[in-house]
> 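Attaching a single structure in structure tokens format; questions to follow.
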Amino acid sequence: MAAESRGHRRSAAAGARNGRARHHPMDIGLVKVAEREEREGLVLWRRPVTTLHYCCRELLIETARLLRKLWRNRLAVVLVLMLAALAVVVYYTEGEHQQLIGRAEKQMLWCLYWVGLGVLSSVGLGTGLHTFLLYLGPHIAAVTLAAYECDSLDFPEPPYPEHRLPRSCVPPESAAADAVADAAAAAAAPVTMWAVMSKVRLEAFMWGAGTALGELPPYFMARAARLSGVEPDDEDFEEFEELRKKKNAGDLSLLDRAKLGF
């Protein structure tokens with residue numbers, strides 16, 4: 001009986017300690033501050049050994065997780081590898097289809113170029129890289145000036161040749177024969193704002209898609225932080241939690257419902 005009573009007392013004391021650890025907001029706040037300071041100090045130029053150690057461990061964990069996921073979906077992996085091998089064979093096999101592959105490859109690289117510029121504009125890499133002002137804006141301006149100077153939109157399809165606009169008012173010799181045949185009709189068409197926008201819509205849409213992709217990493221980081229249980233020290237997040245509490249209490253205005261929905 002005495003041993004059982006001592007065991008109950010020890011359990012109660014442990015429970016009280018755990019309860020204090022759980023229910024004291026001051027202690028939780030101090031722990032969060034300490035953890036945040038530790039994370040901020042965990043950088044390569046201050047603690048290189050510790051940072052590289054954690055980096056290697058994380059890479060090993062993520063690699064093992066990826067391998068397990070691939071093993072669970074091994075049928076899909078085999079199918080993708082077979083399709084990739086078939087694509088490589090078709091790409092390097094000589095034939096009439098090489099012209100189509102060349103055009104598709106050129107168009108794909110052109111799209112990836114603008115998507116990459118959009119990603120750089122959104123991510124910024126700490127420099128605020130404005131690729132619209134540096135690349136897309138001048139490209140649109142060059143097409144617009146060339147259209148009004150040549151009074152035509154009969155330019156070569158992108159990517160444009162090295163001599164650039166507006167001197168390339170006619171298709172190059174490597175263009176399709178039907179493009180040359182339609183040159184007179186295209187030249188007669190009026191140059192309007194909508195026509196110019198149609199000429200640069202591919203570049204603009206690809207750049208915009210890149211900016212949207214560049215915005216995704218912060219959202220994934222916020223999602224990972226939320227799943228880890230670490231509440232960020234942020235005013236917007238605190239406002240979001242207050243709105244959730246109001247929703248549970250049934251005391252939400254129309255504006256609050258709209259903000260919570262967003």
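Numbers for residues simply follow the sequence, beginning at 1.
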> For the residue pair His97 and Val90, what are the closest heavy atoms and their distance?
NE2-O, 3.0 Å
> Answer yes or no: is there a donor N or O on one side and an acceptor on the other, between the side chain of Arg57 and the main chain of Tyr54, under 3.5 Å?
no
> In Å, rounded to the nearest 0.5 Å, how long is the span from OG1 of Thr144 to CE of Met197?
10.0 Å
> For Glu203 and Tyr135, test the side chains for any donor-to-acceptor distance below 3.5 angstrom and give the result as yes or no.
no
> Please determine whether residues Trp114 and Leu133 belong to a single hydrophobic cluster, defined as Ile, Leu, Val, Met, Phe, Trp and Tyr linked transitively by side-chain heavy-atom distances below 4.5 Å.
yes
> Any chance you could lay out the side chain to side chain contact (heavy atoms under 4.5 Å, CB included) test for Leu86 and Met82, step after step, and finish with the verdict?
CA-CA 6 Å; Leu86 179 62; Met82 291 176 62; over 6 Å; no
> Please check: side-chain N/O of Ser121 versus main-chain N/O of Thr211, any donor-acceptor pairing under 3.5 Å?
no
> Roughly how far, to the nearest 0.5 Å, is the CG atom of Leu44 from the CG atom of Leu52?
5.5 Å
> Do Phe220 and Val119 belong together in a cluster built from hydrophobic side chains that touch within less than 4.5 Å?
yes
> Using every non-hydrogen atom in the two residues, find where Gly214 and Pro217 come nearest and quote the distance to one decimal.
O-CD, 3.3 Å
> Angle between ring planes, Tyr113 versus Trp110, binned at 30° and 60°: parallel, tilted or perpendicular?
parallel
> Within 45° of the axis and under 6.0 Å from the centre of the six-membered ring of Trp71, does NZ or CZ of Arg74 qualify?
yes
> Under 4.5 Å between side-chain heavy atoms, hopping through other hydrophobics if needed: is there a path connecting Val196 to Met193?
no
